[in-house]
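So the structure is just underneath, and the comments pick up after that.
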2 protein chains.
Amino acid sequence: MDVKDLCLGALSFGDATGYDIKKFFENTFSHFFLAGYGSIYPALASLTAAGLVSCRTLAQHGKPDRKLYRLTAAGRRAFLDTLRDTTPRHRLKSEFLVLLYFAHLLAPARLQAIVDQQLRNFDGNLKHIRQYEDCCAAAQPLSPGAHFVCGYGKAVMTAASEYIRAHRHSLLPPTGRGAAPRKLIQARRQPVHTASRN
Amino acid sequence: MDVKDLCLGALSFGDATGYDIKKFFENTFSHFFLAGYGSIYPALASLTAAGLVSCRTLAQHGKPDRKLYRLTAAGRRAFLDTLRDTTPRHRLKSEFLVLLYFAHLLAPARLQAIVDQQLRNFDGNLKHIRQYEDCCAAAQPLSPGAHFVCGYGKAVMTAASEYIRAHRHSLLPPTGRGAAPRKLIQARRQPVHTASRN
DNA sequence: GAAGTCATGTAAAATGTTACATGATTCA
DNA sequence: TGAATCATGTAACATTTTACATGACTTC
């Protein structure tokens with residue numbers, strides 16, 4: 001399932017331009033699927049060539065023409081096929097966790113900054129989801145799928161935040177006012193024969 | 001942060017072959033970073049060319065020669081620089097959630113299968129993390145980073161599982177013994193003008 | 001006056017996945 | 001006898017990211 005398929009999905013809710021589709025992705029999928037213009041515009045071009053979407057060009061003054069895309073019957077069928085056949089993968093790619101795994105090689109201040117930044121990100125994402133829910137719910141009730149997915153995002157990010165807040169101390173060397181005078185902990189050089197056998 | 005950097009990280013725990021490194025990734029990073037041979041072997045070749053790792057070839061009978069890689073001083077420095085400079089991103093890419101977002105276009109049986117499969121995956125991953133913790137802890141206490149990252153994985157996947165178990169019914173049309181005789185719910189055709197403006 | 005929004009795209013570079021190719025040994 | 005483990009790699013393909021290029025209008 002790639003950006004092309006997601007574009008079909010976005011268009012299943014109505015006609016849109018590439019720009020609109022990016023907005024839609026940001027509002028709706030931001031916490032589990034992202035795409036930039038550099039993949040959306042080529043995807044739309046390729047879908048048009050394949051006859052899965054059609055395109056009406058609307059002239060504008062000053063700005064580039066708006067290109068309004070619409071699902072064709074073939075496109076709708078293709079999307080349903082994708083939904084039927086796609087293997088539901090679920091992959092996390094986290095430099096954040098990699099860095100924390102190597103906490104013993106990081107300066108304490110760096111570690112602090114990384115953790116704080118991630119907590120802010122989660123807070124921002126949570127806020128974003130809540131806004132999306134409120135703003136959509138004002139217009140019409142969210143579809144069950146949208147509702148489920150928002151709830152999932154909130155549940156997971158809340159759990160992640162709580163875990164981080166509860167356990168961040170275990171990564172940091174004991175420091176600060178009231179504690180014992182700051183003792184720099186040396187990054188232990190690991191012995192060079194853990195993973196090898198023979 | 002790419003596979004090359006992760007290879008340096010793996011080698012920071014000791015010399016290893018490409019094969020060992022893949023094992024290491026699977027044991028250690030599997031829930032937030034994966035790489036296959038097709039990216040590991042080229043990465044090691046390129047690191048060797050760049051002088052960040054050195055390579056000893058050990059002949060074997062029948063099998064291809066083992067190539068034992070070791071971090072060079074430059075490699076160790078490069079890895080520390082990466083740890084210092086990498087922006088800690090954290091991205092989920094989930095076809096699972098995309099499919100659920102479009103629950104209204106999925107056959108009920110398909111929806112069931114998707115959800116069940118994902119729950120099994122989470123259970124499997126949780127088991128995998130627990131085994132890793134137990135097996136490592138038997139040898140030596142886990143590093144704080146490793147411990148934190150395992151705990152994070154468990155916390156998040158547990159929350160995800162619980163959320164799914166608690167809310168999956170909201171995706172499925174009411175069905176089954178005891179309930180009202182199965183009433184097929186038609187996938188509502190969405191009107192075609194939600195996302196467009198103008 | 002600066003920043004943000006609307007609006008399109010291309011091209012190069014980086015990255016990663018998949019399939020292929022080989023083959024002995026060990027375990028059930 | 002078949003599957004799994006050990007062990008390497010290449011080549012083609014797919015995909016994504018990043019930077020570039022343009023430019024008017026609106027809001028602070």
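Quick caveat, the model's predicted, so the values are computed rather than measured. Each chain gets a letter, A, B and so on, in the order the sequences are listed, and its residues count up from 1.
- In the set C:dT10, D:dT8, C:dC6, D:dT8 carries the atom at the smallest distance from any side-chain atom of B:Tyr37.
- Dashed line: the shortest gap from a side-chain N or O of B:Gln60 to OP1 or OP2 of D:dA7 is under 4.0 Å.
- Considering only side-chain N and O atoms, B:Thr17 lies under 4.0 angstrom from the phosphate OP1 or OP2 of D:dT8.
- A:Lys67 has its NZ atom 13 Å from the C1' atom of C:dT10, to the nearest Å.
- Residue B:Gly36 is out of contact with every strand shown, counting any heavy-atom pair closer than 4.0 Å.
- Both A:Val3 and B:Ala45 lie close to DNA chain D; mapped to their nearest nucleotides by heavy-atom distance, the more 5′-ward contact belongs to B:Ala45.
- Ring geometry, A:Tyr19 versus A:Tyr37: the interplanar angle falls under 30°, so the pair is classed parallel (tilted spans 30 to 60°).
- Exactly one of B:Leu8, B:Ile40, B:Leu34, B:Leu44 qualifies for a side chain to side chain contact (heavy atoms under 4.5 Å, CB included) with B:Val3. That residue is B:Ile40.
- In this entry the distance linking CZ of B:Phe25 with P of C:dG16 reads 11 Å, nearest Å.
- Distance CG (A:Leu34) to C1' (D:dT16): 12 Å, rounded to an integer number of Å.
- A ring-centre distance under 6.0 Å is found for A:Phe79 and B:Phe102.
- Note on B:Tyr69: only backbone sugar-phosphate atoms sit closer than 4.0 angstrom, heavy atoms only; bases stay farther off.
- In this structure, B:Tyr41 places its OH atom 16 Å from C1' of C:dA19, rounding to the nearest Å.
- Between the CG atom of A:Asp65 and the P atom of C:dT8 there is a distance of 9 Å, given to the nearest Å.
- Aromatic ring centres of A:Tyr101 and B:Phe148: separated by at least 6.0 Å.
- In this structure, A:Phe24 atom CZ and C:dA7 atom C1' are separated by 19 Å, rounded to whole Å.
- Note on B:Lys93: only backbone sugar-phosphate atoms sit closer than 4.0 angstrom, heavy atoms only; bases stay farther off.
- Protein atom CG of B:Leu47 is 13 Å distant from nucleotide atom P of D:dG9, rounded to whole Å.
- In the set C:dG16, D:dT15, C:dC6, the nucleotide with an atom closest to the side chain of A:Lys23 is C:dC6.
- Atom pair A:Lys22:NZ and D:dT16:P shows a separation of 15 Å (rounding to whole Å applied).
- Each of A:Arg89 and B:Lys4 was matched to the nucleotide of DNA chain C holding its nearest heavy atom; the match closer to the 5' end belongs to B:Lys4.
- Under the 6.0 Å cut-off for aromatic ring centres, B:His167 and A:Tyr152 do not qualify, their centroids lying 6.0 Å or more apart.
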